[in-house]
Amino acid sequence: MNIPFDIVKGKGPVIYDPLRTAEAVNEVREFVPGEWVPYVGQALNILREEVKNEAAVLGFVGAPFTLASYCVEGGSSKNFSKIKKMAFAEPEILHSLLQKFTTSMANYIKYQADNGAQAVQIFDSWATELSPVDFEEFSLPYLKQIVDSVKETHPDLPLILYASGSGGLLERLPLTGVDVVSLDWTVDMAEGRKRLGSNIAVQGNVDPGVLFGSKEFITKRIYDTVQKAGSEGHVLNLGHGIKVGTPEENVAHFFEVAKGIRY
């Protein structure tokens, strides 16, 4: 997209020339996945062929506000002061960047679906740095636009939305139109279910730290989560990624217990 970057060990994404002016945003190109990342489509096709229908093949994309955060801040951030300065002092510049990411990510989801992805998760990792009123301006409408666009061409493709630390925004997430809201572990599953309503599925939300516990403890937490989520519309998962150093045998135990659950 004409945004030079690198992934630096211990730091994550580093944007060499952060986007902080209208001129810089104007230079951002729309993402053409088939031309620029053909290997993603190839990988998805290979995966579908290998797993047959014994497992689902998942795709994922970054959400517009989260992508914009990296590009404006220059990488990961603790206080998000630069993108908030843009949002509150020059909102038209940020809206222009968000629209470019929105169009691009909608196309990227469709590309992944056309090449074998059977469900796609949208990660809005930094949207929860926004207050509710600012989420409604700088994230929600763009997420909804992505969902609407994808559903026009791929109405049966399940779309999942994950935003870490989303407890303060929970009621707003279903307004995007996604099929599944993924909860992190800071929200009680039963309370999350109640707040989200009955018309949307949930994913999660066992604390990844639980996998450092005993197998008995892991089993207990899995059953607690499943019991609170109910017997319909729940994808059992962790509430975030697996932590470095997690015992592999405990990860295996998580899967074994999960696959053995019957309703």
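If you read the sequence from its start, that first residue is 1, and numbering goes on from there.
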- Task: Start with the C-alpha distance between Glu137 and Leu98, add both sets of side-chain angles, then the distance that settles side chain to side chain contact (heavy atoms under 4.5 Å, CB included), and finish with yes or no.
- Result: CA-CA 11 Å; Glu137 179 175 356; Leu98 290 169; over 6 Å; no

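- Phe88 CZ to Ser81 OG: the interatomic distance, rounded to the nearest 0.5 Å, is 11.5 Å.
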- Message: Go through it in stages, so that I can follow the logic: the residues are Gln112 and Val61, the test is side chain to side chain contact (heavy atoms under 4.5 Å, CB included), and I'd like the CA-CA distance, side-chain angles, deciding distance and then a yes or no.
- Response: CA-CA 9 Å; Gln112 292 185 34; Val61 300; 3.6 Å; yes

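- Looking only at side-chain heavy atoms (C-beta outward), Pro247 and Leu211 stay at 4.5 Å or farther from each other.
- Under the 3.5 Å distance criterion, the side-chain polar atoms of Arg195 are matched with a main-chain donor or acceptor of Gly167.
- Side-chain atoms of Thr186 never come within 3.5 Å of backbone atoms of Gly165 as a donor-acceptor pair (strictly under, hydrogens ignored).
- Enclosure of atom CZ in Phe255 is not indicated, since only 12 or fewer non-hydrogen atoms of other residues, nucleotides or ligands lie within 6.0 angstrom.
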- Message: Under the criterion salt bridge (Lys or Arg N to Asp or Glu O under 4.0 Å), I'd like the reasoning laid out for Lys110 against Asp114: C-alpha separation, chi angles, the key distance, then a yes or no.
- Response: CA-CA 6 Å; Lys110 296 173 186 179; Asp114 289 340; over 6 Å; no

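- Proximity of a side-chain donor or acceptor of Lys84 to a complementary backbone N or O of Asn79 within less than 3.5 Å is not detected.
- In this structure, Phe5 places its CZ atom where only 12 or fewer heavy-atom neighbours from other residues, nucleotides or ligands lie under 6.0 Å away.
- Considering CG of Leu67 and CG of Leu19, their distance stands at 11.0 Å, rounded to 0.5 Å.
- Between the side chain of Asp6 and the backbone N or O of Val8, no donor-acceptor pair lies under 3.5 Å.
- Summarising the local packing, CD of Glu249 is surrounded by more than 12 heavy atoms from other residues, nucleotides or ligands at distances under 6.0 Å.
- Within the 3.5 Å criterion, the main-chain N or O of Ser104 finds no donor-acceptor partner in the side chain of Glu30.
- Note: Phe135 CZ to Leu175 CG = 8.0 Å, rounded to the nearest 0.5 Å.
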- Item | Test log, rule salt bridge (Lys or Arg N to Asp or Glu O under 4.0 Å), inputs Asp207 and Arg221 | CA-CA 9 Å; Asp207 183 345; Arg221 284 298 181 90; 5.7 Å; no

- Task: Report the C-alpha distance between Lys151 and Asp179 in whole Å, list the side-chain angles of each, state the deciding distance to 0.1 Å, and finish with yes or no for salt bridge (Lys or Arg N to Asp or Glu O under 4.0 Å).
- Result: CA-CA 11 Å; Lys151 292 298 183 180; Asp179 304 285; 2.8 Å; yes

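- For the ring pair (Phe, Tyr, Trp, His ring centres under 6.0 Å) test, residues two or more places apart in sequence or in another chain that qualify with Phe31 are Tyr108.
- The minimum heavy-atom distance between Arg193 and Ile200, with the atom names listed, is NH1-O, 3.3 Å.
- Under the 4.5 Å side-chain criterion, counting only non-hydrogen atoms from C-beta, Asn237 is not in contact with Ser182.
- Atoms NE2 and CD1, from His234 and Ile261 in turn, are 8.5 Å apart once rounded to the nearest 0.5 Å.
- Using bins of under 30°, 30° to 60° and over 60° for the plane-to-plane angle, the ring pair Tyr162/His240 lands in the perpendicular bin.
- Counting heavy atoms of neighbouring residues, nucleotides and ligands inside a 6.0 Å radius, atom CZ of Phe123 exceeds 12 of them.
- The side-chain contact (heavy atoms from CB on, under 4.5 Å) check on Ala63 picks up Ile122, Asp124, Leu143, with sequence neighbours excluded.
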- Item | Stepwise side chain to side chain contact (heavy atoms under 4.5 Å, CB included) check, Val120 with Val150 | CA-CA 11 Å; Val120 177; Val150 172; over 6 Å; no

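- Counting heavy-atom neighbours within 6.0 Å of Asn2 CG, excluding the residue itself, gives a total above 12.
- Between the side chain of Arg20 and the main chain of Glu73, a donor-acceptor pair closer than 3.5 Å is present.
- Screening Phe138, Phe101, Phe65 for a ring pair (Phe, Tyr, Trp, His ring centres under 6.0 Å) involving His95 leaves a single residue, Phe138.
- Interatomic distance, CG of Leu44 versus CD of Gln42, reported as 10.0 Å (0.5 Å rounding).
- Atom CG in Asp17 sits 11.5 Å away from atom CD in Glu27 (nearest 0.5 Å).
- Counting non-hydrogen atoms of neighbouring residues, nucleotides and ligands closer than 6.0 angstrom, the NZ atom of Lys215 exceeds 12 such neighbours.
- With a 6.0 Å radius and a threshold of 12 heavy atoms from other residues, nucleotides or ligands, Glu248 has its CD atom at or below the threshold.
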- Message: Determine whether Val178 and Leu173 satisfy the following criterion, side chain to side chain contact (heavy atoms under 4.5 Å, CB included), listing intermediate values before the conclusion.
- Response: CA-CA 8 Å; Val178 294; Leu173 301 185; 6.0 Å; no

